[in-house]
Amino acid sequence: MRLSRFFLPTLKETPAEAKIVSHRLMLRAGMIRQESAGIYSWLPLGLRVLKNIETIIRDEQDAAGAQEILMPTIQSADLWRESGRYDDYGKEMLRIEDRHGRDLLYGPTNEEMVTSILRDCIKSYKQLPVNLYHIQWKFRDEVRPRFGIMRCREFLMKDAYSFDLDLEGAKRSYDNMFAAYLRTFARMGLKAVPVRADPGAIGGDMSHEFHILAETGESAIFYDAAYDEMTLDMDNPDVAALQSIYAAEEELHDPEKCPVADDRLKQARGIEVGHIFFFGTKYSAAMGLVVDGPGGERITPEMGSYGIGVSRLPAAIIEASHDENGIIWPDSVAPFAVGLVNLKVSDEACVSQCDDIYDRLRDAGIEALYDDRDERPGAKFADMDLIGLPWQLVVGPRGVAAGTVELKRRAGGEKEELSLDSALEKLTG
RNA sequence: CGGGGUGUAGCGCAGCCUGGUAGCGCACCUGCUUUGGGAGCAGGGGGCCGGAGGUUCAAAUCCUCUCACCCCGACCA
């Protein structure tokens, strides 16, 4: 993509309303625009990141055996009356009335709907277990949206729902998603700490939140230093070992009963990017989802649900990965792999070399953002650092004369003067 | 939902107290000079001052109402 034609409204100054670094950088980098309190448009650069994140999530959900569906954003109130939540949910639910006076709502979550799908479509124990997920926009009318995309009213969420015949099956489904979450966040360059969360009415130990550690995190979490010391095999993470390590959010942390010694107990702030929990037959029973068992008995499936805050992740990643100059994208979610910087567009040699590099990168399957604008070098470097592409390939008259290009790694800032071929080799791996 | 605050050009702000018909920086457009870390000079475009009432010869400025947004707290993924 040529930057001269790419819709990238970067800002030199920080908008006044943005208080935390991810919000500031997302606005300055031209990723998002606020439309209303807690409601945002995603501009091309931001949307690319969001889609890369979605792709990783989708990959790992599919690999874990979950199947993608797509449920609507607008739901019928009748469905929620079946579970009793239409009255319980309160003002966070955005209620809508259609022209016929029927009550609708903008879905804050989808337990009722997915349960009704299963109720209508499966009859036999042979059709279980099943895990269905979708990636869809949700709306929760937060009292006070804040922190940009981190706590907004309209947000993109991946939510999966598992259905099993019994508790053992549900536990397998739960651990399966637990492992998938570890892989998912690891692929985004994030270290996610699974902390025990409030299991709600069901009880037990099957509710975990996944937190990214960051100073601006909204939750205080406490965890055993053993977590930092353990190395995980992502191909086959030891879920049981991980679940046995103490980690709890503030509300569940009782200093009197904490099993971890003081000098081993770590306190940190976390951004909640995932939440998984088991809730038994709460919805299946309320909504009459039953299947016939092998002996003709009626079985009410055990359910769990598994959320990831998709639209929150770009902000969480930025909180965890930035410096004073801007964003530092992990390779796996970067909007472009490489920023190709032509320092002097009035110089024919620079232009032809850049055009050539751009073609060769494209042929090698590498997406580059090619800064072909007639701007001064300083502005180009500043924008590149701001938007945080993992690599910067800089072509200027000096290098062209010497037969070299400069390759800079955004993360560490290391720069190398290389021949074009070795630079390309380094990028194409 | 309680408390506090802010709305003036795309962004950041001044002007308001003390009414006289809108200004600065950045960005944008044109020209010239510049060109390896957000250039210089000159010229130019863009705002019914959040909205509605009111006071006044005259309102960005004073009064009333309203809407939006932000911050702190409580709540929540």
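Protein chains get the first letters and strands the later ones, always in sequence-line order, with residue 1 at the start of each.
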Task: Pair listing, ring pair (Phe, Tyr, Trp, His ring centres under 6.0 Å) test, anchored in residues 318-361 of chain A, at least two apart - done: F6(A)-F336(A), Y358(A)-Y370(A)
TODO: Mind telling me whether Y174(A) and Y306(A) have parallel, tilted or perpendicular rings, with 30° and 60° as the class edges?
DONE: tilted
Open item on the list: Can you tell me how the ring of W80(A) sits relative to the ring of Y89(A), calling it parallel under 30°, perpendicular over 60° and tilted otherwise?
Closed with: perpendicular
Base, sugar-phosphate or nothing for [X]? Non-hydrogen atoms, less than 4.0 Å.
X	result
K380(A)	nothing
E92(A)	sugar-phosphate
D383(A)	base
G399(A)	base
G307(A)	nothing
C152(A)	base
K408(A)	base

Say we look at [N] and [M]: how far apart would their [atom1] atoms be, to the nearest angstrom?
N	M	atom1	result
C41(B)	G4(B)	P	46 Å
C11(B)	G47(B)	C1'	14 Å
C17(B)	A60(B)	P	12 Å
C72(B)	A27(B)	P	31 Å
G15(B)	C57(B)	P	28 Å
U6(B)	G46(B)	C1'	24 Å
A9(B)	U66(B)	C1'	25 Å
G40(B)	U34(B)	C1'	8 Å

Task: Any residue meeting ring-ring contact (aromatic ring centres under 6.0 Å, His included) with F178(A), in chain and number order, not counting sequence neighbours - done: H208(A), F210(A)
Task: M71(A), Q67(A), Q61(A) screened by side chain to side chain contact (heavy atoms under 4.5 Å, CB included) with L132(A), the one that passes - done: Q67(A)
- [ ] Kindly say whether, by distance alone, the side chain of E375(A) makes a donor-acceptor pair under 3.5 Å with the base of G38(B)?
- [x] no
Atom [atom1] of [X] and atom [atom2] of [N]: how far apart are they, to the nearest Å?
X	N	atom1	atom2	value
R410(A)	G37(B)	CZ	P	17 Å
E324(A)	G38(B)	CD	P	15 Å
D374(A)	G36(B)	CG	P	13 Å
F155(A)	C76(B)	CZ	P	15 Å

Task: Main-chain N/O of L11(A) paired with R28(A) side-chain donor or acceptor, under 3.5 Å - done: yes
Task: Side-chain donor or acceptor of R153(A) paired with backbone N/O of A37(A) under 3.5 Å - done: yes
Open item on the list: Looking at G43(B), which nucleotide sits across from it as a Watson-Crick or G-U wobble partner, both distances under 3.5 angstrom, or is there none?
Closed with: C29(B)
Open item on the list: Suppose we define a pair by two distances each less than 3.5 Å, Watson-Crick or G-U wobble; what does G7(B) pair with here?
Closed with: C67(B)
Interface polar pairs with nucleotides 66-70 of chain B, N/O, under 3.5 angstrom:
{"from": "C69(B)", "atom 1": "OP1", "to": "A37(A)", "atom 2": "N", "distance (Å)": "2.9"}
{"from": "C69(B)", "atom 1": "O3'", "to": "Q34(A)", "atom 2": "NE2", "distance (Å)": "3.2"}
{"from": "C70(B)", "atom 1": "OP1", "to": "Q34(A)", "atom 2": "NE2", "distance (Å)": "3.3"}

Task: Check: F222(A) ring centre within less than 6.0 Å of H253(A) ring centre - done: yes
Task: Side chains of Y227(A) and K191(A) in contact at under 4.5 Å (non-hydrogen atoms) - done: yes
Open item on the list: Judged by each residue's nearest nucleotide on RNA chain B, which is more toward the 5′ side, R28(A) or H275(A)?
Closed with: R28(A)
- [ ] Would you mind telling me which residue lines up with the more 5' stretch of RNA chain B, H23(A) or R312(A), judged by nearest nucleotide?
- [x] H23(A)
Task: Given G37(B), C11(B), G38(B), the nucleotide with the shortest approach to the side chain of A379(A) - done: G38(B)
Open item on the list: Does A39(B) have its OP1 or OP2 closer than 4.0 Å to a side-chain nitrogen or oxygen of R376(A)?
Closed with: yes
